[in-house]
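Per chain, numbering begins at 1; letters A, B, ... match sequence-line order.
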2 protein chains.
Amino acid sequence: MDNTTTVLLVDDEQDILDILRFNFASGGFGVETATSAEQALAKDLSGIGLIILDVMLGGMSGLKMAMLLKDNPATADIPIIFLTAKNAREDIIDGLRIGVDDYVTKPFSVQELLLRAQAVLRRGHRQAERSPGQGGLVLDKRGKQLLVDGKAVPLTRTEFLILELLMAHPGAVYSRDQLLDYAWPDGVIVIGRTVDVGITRLRKKLAPYAHCIVTRPGHGYCYEEA
Amino acid sequence: MDNTTTVLLVDDEQDILDILRFNFASGGFGVETATSAEQALAKDLSGIGLIILDVMLGGMSGLKMAMLLKDNPATADIPIIFLTAKNAREDIIDGLRIGVDDYVTKPFSVQELLLRAQAVLRRGHRQAERSPGQGGLVLDKRGKQLLVDGKAVPLTRTEFLILELLMAHPGAVYSRDQLLDYAWPDGVIVIGRTVDVGITRLRKKLAPYAHCIVTRPGHGYCYEEA
DNA sequence: GTCCAATTTTACAAGAGTGAAACAATATTG
DNA sequence: CAATATTGTTTCACTCTTGTAAAATTGGAC
């Protein structure tokens with residue numbers, strides 16, 4: 001991808017670590033590994049460009065580790081991809097909430113993981129380039145409202161949840177199913193088109209920034225900063 | 001923010017103190033630190049514009065320290081932000097009760113803490129600016145009453161607690177559950193609609209400022225300054 | 001250009017959420 | 001103990017939100 005990004009692989013299963021090491025190395029990445037969160041945190045992370053992190057670890061959980069990294073300004077910008085069990089929706093949601101960049105469910109295809117990794121890195125570069133531009137959209141989580149160029153626009157519960165997820169990861173595409181999982185209460189069954197309507201209603205409230213919610217036909221929606 | 005507000009950081013973990021010192025200094029604050037409540041209280045606090053205070057301290061607790069400060073007229077006006085454990089609801093409630101200005105739960109993002117700090121200071125300035133006008137709504141915590149355009153209106157216990165929480169953070173939305181937690185004794189089980197009635201009764205007493213308690217359908221209630 | 005699939009928009013009805021009033025139950029006061 | 005104040009529940013009218021369906025639009029393939 002670019003001049004040897006170094007990826008840190010954290011998983012407590014040595015087998016998986018070996019497979020990943022081989023594939024990422026073949027993919028042109030520099031590779032470091034750790035078998036626990038503690039071991040990973042003890043490393044010098046300054047040269048790390050991406051972390052692949054198993055959520056289920058002995059000792060400190062991957063979630064906890066991610067939280068620590070995202071709270072520390074020195075490491076907050078290192079993208080993280082979660083490896084989670086297929087049905088661990090809780091972990092995924094918590095992860096996205098604290099700022100994890102993407103996730104892949106086990107069992108996963110290594111090829112898919114590599115693609116995700118490259119996508120996350122591309123995304124990071126785009127963001128870094130336009131970091132100075134302090135955009136006009138701010139989600140006020142405490143007030144459950146949106147600040148559009150400083151003007152407060154109240155959001156309904158559903159609208160707030162959709163936008164919270166989308167804005168948490170600019171550039172990441174979320175499928176309708178993912179949005180349903182996140183923004184709709186458990187057990188509620190609605191048809192997929194319902195999400196579309198929610199998006200439409202949101203766009204109206206985004207006023208001049210409606211285009212920031214981008215439709216990706218066949219995939220879902222994503223938020224792009226102004 | 002403005003001509004070097006000095007912030008006093010109180011935490012018994014040197015690591016956290018270092019991180020905070022660095023970030024607040026970068027943010028343009030003057031910084032002083034203390035590793036215990038006793039050490040903090042021994043300082044000359046006259047130049048301090050804001051205190052960031054860990055609740056869990058060896059020796060005197062942060063809660064106790066805050067109580068002392070708020071009881072002393074010389075220091076009662078210094079805003080305080082609590083650092084509490086994620087699930088320490090008790091501490092948060094007690095803190096708000098004695099007049100703490102805001103709180104952030106650990107583990108916290110430093111960025112969020114800085115934003116909260118700036119918000120608290122802004123709030124203080126706004127209040128200071130319009131103090132001569134003596135306008136509108138003032139909650140008299142000592143007298144457990146409300147001053148509506150200077151006229152005293154007695155509040156019942158429940159009414160006082162609801163309003164105290166809402167007014168502590170203008171613009172923040174509190175769910176019915178949060179209000180129940182704060183304003184109703186532990187163990188008491190009441191239905192959610194009870195809160196609504198409490199709000200209705202409060203609005204009546206707010207007289208011409210009823211609209212300051214804003215309903216956010218699906219979320220809860222929040223206080224907006226006049 | 002036409003066709004097709006996907007998406008957007010609009011309108012409407014059902015349902016959930018809310019405000020006010022009245023009443024019952026409980027606590028407080030004299 | 002009686003009188004009063006406070007608080008919790010219920011009810012009804014009303015508003016806001018939300019899911020669905022149908023029509024309009026878009027974008028791309030051929």
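- Nearest-nucleotide assignment on DNA chain C puts the 5′-proximal partner with Gly220(B), out of Val197(B) and Gly220(B).
- Residues Asp54(A) and Val10(A) fail the side-chain proximity criterion, which asks for heavy atoms closer than 4.5 Å.
- Across all strands shown, Thr200(A) has heavy atoms under 4.0 Å from base atoms, whether or not it also approaches the sugar-phosphate.
- Among Leu180(A), Val197(A), Val195(A), the single residue meeting the side chain to side chain contact (heavy atoms under 4.5 Å, CB included) criterion with Val190(A) is Leu180(A).
- At dT18(D), one or more side-chain N or O atoms of Thr156(A) fall inside 4.0 Å of OP1 or OP2 (strictly under the cut-off).
- By the 4.5 Å heavy-atom criterion applied to side chains, Val7(A) and Ile51(A) are not counted as neighbours.
- Salt-bridge formation is not detected for the pair Arg201(A)/Glu159(A): no Lys NZ or Arg NE/NH1/NH2 atom is positioned less than 4.0 Å from an Asp or Glu carboxylate oxygen.
- For the pair Leu179(A) CG and dT7(C) C1', the interatomic distance rounds to 15 Å; values are reported in whole Å.
- When the side-chain nitrogen and oxygen atoms of Thr194(A) are compared with OP1 and OP2 of dT20(D), one or more of them lie within a distance under 4.0 Å.
- Within the nucleic acid shown, Gly218(A) comes within 4.0 Å of sugar-phosphate atoms alone, with no base atom in reach, counting heavy atoms only.
- The distance from atom CD1 of Ile189(B) to atom P of dT7(D) is 19 Å, rounded to the nearest whole Å.
- Distance from the side chain of Thr215(B) is smallest for dT18(C) among the nucleotides dT7(D), dT20(D), dT18(C).
- Remark: C1' of dT7(D) and CZ of Arg157(B) are 11 Å apart, rounded to the nearest angstrom.
- Distance, Asp196(B) CG to dC12(D) P: 17 Å, rounded to whole Å.
- Remark: the Arg176(B) side chain and the dG17(C) base include no donor-acceptor N/O pair separated by less than 3.5 Å.
- Direction of the helix axis in the helix from dG1(C)-dC30(D) to dG30(C)-dC1(D) shifts by 30° between the two five-pair termini, rounded to 10°.
- A residue-by-residue look at His219(B) and Ile199(A) shows that Ile199(A) has its nearest nucleotide of DNA chain C further toward the 5' end.
- The separation between Leu161(A) atom CG and dT17(D) atom P is 14 Å, rounded to whole Å.
- Asp181(B) CG to Tyr174(B) OH: the interatomic distance, rounded to the nearest 0.5 Å, is 12.5 Å.
- Across all strands, Arg203(A) comes closer than 4.0 Å only to sugar-phosphate atoms, never to a base (heavy-atom distances).
- Look at CD1 on Ile213(A): it is 10 Å from P on dT8(C), rounded to the nearest Å.
- Remark: Thr158(A) is in phosphate contact with dT18(D), judged by side-chain N or O atoms under 4.0 Å from OP1 or OP2.
- At least one donor-acceptor pair under 3.5 Å links the side chain of Arg216(B) to the backbone N or O of Gly143(A).
- Of the side-chain N and O atoms in Arg193(A), one or more sit less than 4.0 angstrom from OP1 or OP2 of dT7(C).
- Panel note: side chain Lys205(B), backbone Pro154(B); a donor-acceptor pair is recorded below 3.5 Å.
- Donor-acceptor pairing under 3.5 Å, judged by distance alone, is present between the side chain of Arg201(A) and the base of dG19(D).
- Look at Tyr221(B) and you'll find a side-chain N or O under 4.0 angstrom from OP1 or OP2 of dG19(C).
- Between the P atom of dT7(C) and the CG atom of Leu202(A) lies a distance of 17 Å, rounded to the nearest Å.
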Intermediate values then yes/no, side-chain hydrogen bond (donor to acceptor under 3.5 Å, both in side chains), Thr215(A) and Arg203(A)
CA-CA 11 Å; Thr215(A) 306; Arg203(A) 282 191 176 129; 2.8 Å; yes
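- A donor and an acceptor atom, one from each side chain of Tyr221(B) and Arg176(B), are located under 3.5 Å apart.
- At the phosphate of dT7(D), neither OP1 nor OP2 sits under 4.0 Å from any side-chain N or O atom of Trp184(B).
- For the pair Arg216(B) CZ and dC16(D) C1', the interatomic distance rounds to 13 Å; values are reported in whole Å.
- Applying the 4.0 Å criterion to OP1 and OP2 of dT6(D), one finds that Lys205(B) has every side-chain N and O outside that range.
- Residue Pro217(B) places its side chain closer to dT17(D) than to any other of dT8(C), dT17(D), dG8(D).
- When heavy atoms are screened at a 4.0 angstrom cut-off, Ile191(A) is found touching the sugar-phosphate backbone but no base atom.
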